[in-house]
Amino acid sequence: MIATLQNGRHGPLALGALLLVAWPLVFSTPYDLRVFTLAGIYALLVLGYQFVFGHAGALALTQGAFFGLGAYVTGILGARYGQGFLVTFPLSIALPVLLAAVVAAPVLRLETHYFALATLGIAQVLLLVCLLAEPLTGGANGIPGVPGVEILGLSLPRGWPLLLFVWAWVIAGAFVAQRITGGLYGKAFQLMRASATAAQCVGIDIARLRLRTFLFSAAYAGAAGALFVHTLRVVSPEALEFHVMVAVLAMTVVGGRTRIAGAIVGAVLLVHLPEWFRFLESYYLIAYGVALLAMIVLAPDGLVGELERRWPQAPETLPTAEPLPPRSKLIPREPLLAVSDLRKRFGGVRAVDGVSLALKRGEIVGLIGPNGSGKTTLINVITGLLQAENGAVRFAGEPLGGLRPDTIARRGLARTFQNLDLVDELTAIDNVAVARAAFEGAGLRQALLAVGRDPTLERARRQARFLLERIGLGEEMGRPCGDLPHGTRRRVEIARALALQPSLLLLDEPAAGLSESEQADLARRVEILRDDGITMLIVEHNMPFLMPLADRLICLNVGRVIANGTPEEVQADPRVIEAYLGRRGEQA
Ligand code: ADP
Ligand code: MG
């Protein structure tokens with residue numbers, strides 16, 4: 001117990017659980033029990049909402065609609081058709097999930113604020129349908145006389161039995177949410193939130209991940225809606241109105257967007273707040289608003305996030321290193337990478353303007369060129385982040401055109417980013433482990449079935465340590481990336497790319513911002529990678545760094561290849577000199 005309390009994650013959890021159990025024992029009038037039952041229902045609703053709002057980072061405003069749909073399914077089937085819990089409850093979950101699946105296709109593609117608006121529309125449509133379909137839904141009056149929970153002829157009385165039943169579902173929901181978001185999967189969500197681009201480039205299918213969070217949130221909301229009508233014994237359009245969504249949003253923000261304990265704290269607190277502030281009478285809403293604003297300003301990660309931050313953290317124990325298993329070799333087709341007549345424009349700017357080049361297996365090729373000459377754009381097109389208007393990219397003989405970035409990454413084409421794209425809150429080792437686990441194809445099933453610890457994540461962490469050691473990191477790999485110096489972060493990014501066991505590595509300005517000794521060290525590591533058989537395309541301005549490494553240089557200028565040859569030839573090429581000098585002249 002002491003050990004659990006000392007561990008930063010479980011301390012607040014244990015404390016909260018204790019308070020939670022004590023609360024209804026102390027205040028146990030029938031009214032208080034009912035309020036506490038409602039708190040459990042909201043906790044379930046918030047747990048679900050955390051998937052899409054917290055973990056996927058999408059401002060969906062559908063949680064209230066899914067809740068209302070779940071409520072109506074149970075209300076209609078229970079009151080009109082006399083169905084018991086074993087029929088109504090699963091259907092109350094299934095229908096919202098189905099609705100989520102249907103609307104997800106058009107809606108999940110939209111950018112954030114349009115996404116919020118579109119999801120809001122869904123809730124409004126549902127409310128209208130419910131008001132108009134009076135014979136079925138009872139219209140504005142709703143349906144009274146919904147039975148309580150009835151399982152195999154046994155009916156559950158209100159008060160303590162219902163309260164315990166609802167909270168049993170909260171515990172089950174919390175357990176499942178913990179399995180899904182606590183381990184490897186949770187870290188993939190963190191990467192997706194920090195940078196969708198980086199997540200794709202380590203092989204994570206973010207569309208699928210987002211869709212799943214949406215379906216999970218619908219399932220939880222449907223369950224909460226069902227329990228809600230069993231508690232109230234009526235179902236009315238109020239269940240579909242916007243204030244449910246507002247309450248869920250407020251609870252999630254107050255408790256914490258991604259913390260399971262936060263869902264429970266937020267729900268219990270905000271359900272009880274009107275009771276506690278009753279003496280304020282008509283000033284209640286103002287007090288409520290002020291308290292909410294204060295929360296957002298003072299504790300942006302929510303109460304539980306804040307508590308966790310202040311709780312003494314046990315230092316992270318590093319796993320032992322474990323080498324990666326050999327990757328099945330590609331059929332040795334030459335060239336490894338062939339780019340032909342690639343074109344990509346942004347409006348009037350021809351960023352890549354008919355580039356053709358080829359990389360042989362085992363080569364290190366330096367890609368140079370003044371700022372804005374299209375180097376990063378070329379890498380973005382090759383890795384599938386941008387679609388070219390014209391031309392083709394072939395990798396190990398296979399065309400890459402039209403493939404998603406995560407598919408391309410999984411084939412063994414890894415990259416780093418010019419502006420480092422790491423998750424600052426995660427340790428270096430977890431930043432690499434999440435890529436490794438994703439590459440291993442560890443998914444939902446493993447996350448759900450792992451009892452206790454997540455073995456896939458544990459192995460990924462051991463392999464991450466191996467990769468980080470190979471690129472020169474020591475004990476500091478147990479620290480959050482945000483605390484590490486720039487040069488170290490660059491290496492973490494390279495280690496993350498190596499987690500894909502790539503045969504081709506594209507490095508976008510890896511030496512930028514490194515000290516001279518760091519550059520020398522990086523050059524040594526790059527040579528080791530080459531000896532391991534990794535082909536590399538290195539975008540770099542830094543000639544002293546690049547010259548001894550590169551077998552060949554390619555120079556871009558205004559989107560075109562202007563030189564391609566040995567480092568000495570290219571460096572002496574008058575067009576290259578002019579491109580660089582010309583630009584400098586312009587800038588001066
Ligand atoms: P480099 O990496 O060689 O410095 P970039 O590939 O970043 O060059 O940019 C090439 C050209 O394309 C520049 O003129 C830049 O302004 C333009 N560009 C790059 N990305 C975008 C974008 N997303 N939207 C519009 N223009 C862009
Ligand atoms: Mg660039």
Side-chain angles (χ1 to χ4, degrees), residues 109 111-112 195-201 206 337 339-357 359 364-391 393 400 404-405 408 413-422 486-487 489-490 493-494 497 504-514 519 522 526 536-543 545-547 549-550 552-564 567 570-571 573 575-588:
R109 282 174 217 279
E111 296 301 323
T112 10
S195 166
T197 314
Q200 286 180 293
C201 288
I206 59 169
L337 180 79
V339 172
S340 59
D341 196 24
L342 213 59
R343 284 166 210 274
K344 174 75 200 171
R345 59 162 72 198
F346 299 105
V349 178
R350 292 184 177 160
V352 173
D353 192 12
V355 168
S356 300
L357 54 85
L359 262 64
I364 295 185
V365 174
L367 183 63
I368 63 170
N371 278 329
S373 55
K375 306 181 295 294
T376 299
T377 305
L378 178 62
I379 288 192
N380 286 345
V381 172
I382 293 173
T383 50
L385 290 174
L386 294 174
Q387 295 301 319
E389 282 106 39
N390 183 58
V393 180
L400 297 185
R404 284 199 318 262
I408 294 175
L413 204 165
R415 66 169 292 175
T416 63
F417 295 87
Q418 187 171 350
N419 321 307
L420 291 163
D421 238 344
L422 294 164
H486 182 79
R489 289 156 55 83
R490 285 245 171 245
E493 231 201 359
I494 295 175
L504 174 61
L505 188 54
L506 311 177
L507 302 173
D508 200 349
E509 306 206 11
L514 299 197
Q519 285 178 23
L522 179 63
V526 166
M536 275 170 275
L537 181 70
I538 306 180
V539 169
E540 195 50 73
H541 286 298
N542 184 330
M543 292 314 245
F545 170 78
L546 200 54
M547 288 297 282
L549 278 177
R552 189 150 62 86
L553 286 187
I554 295 173
C555 183
L556 283 188
N557 190 29
V558 234
R560 292 168 189 236
V561 176
I562 55 167
N564 183 350
V570 170
Q571 218 184 10
D573 192 311
R575 279 171 303 180
V576 174
I577 295 168
E578 201 209 310
Y580 269 93
L581 288 182
R583 274 300 159 104
R584 278 208 199 109
E586 259 173 43
Q587 276 164 10

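Bear in mind that the values here come from a model prediction, so they are computed numbers and not experimental data. Each ligand, and each atom within it, is numbered from 1 in the order the structure gives.
- Judged purely by atom type and a 3.5 angstrom limit, E493 uses its side chain to pair as donor or acceptor with the backbone of F417.
- Closer than 4.0 angstrom to ligand 1 sit non-hydrogen atoms from F346, V349, A351, P370, N371, G372, S373, G374, K375, T376, T377.
- The side-chain contact (heavy atoms from CB on, under 4.5 Å) test with I382 singles out one residue from V352, L506, I408, and that residue is L506.
- For the residue pair R345 / N390, no side-chain donor-acceptor distance below 3.5 Å is found, with atom types taken as modelled.
- Environment of CZ in R552: crowded, with over 12 heavy atoms of neighbouring residues, nucleotides or ligands closer than 6.0 Å.
- How far CZ of R415 is from CG of N380: 4.5 Å, rounded to the nearest 0.5 Å.
- Checking Q418 against the Mg ion (ligand 2), an N/O/S atom falls under the 2.8 Å cut-off.
- For the atom pair L507 CG and I379 CD1, the distance stands at 8.0 Å (nearest 0.5 Å).
- Nearest heavy-atom pair, Q387 versus K344, reported as atom, atom and distance to 0.1 Å: O-NZ, 3.1 Å.
- Taking 2.8 Å as the criterion, T377 does not count as a coordinating residue of the Mg ion (ligand 2), since none of its N, O or S atoms falls below it.
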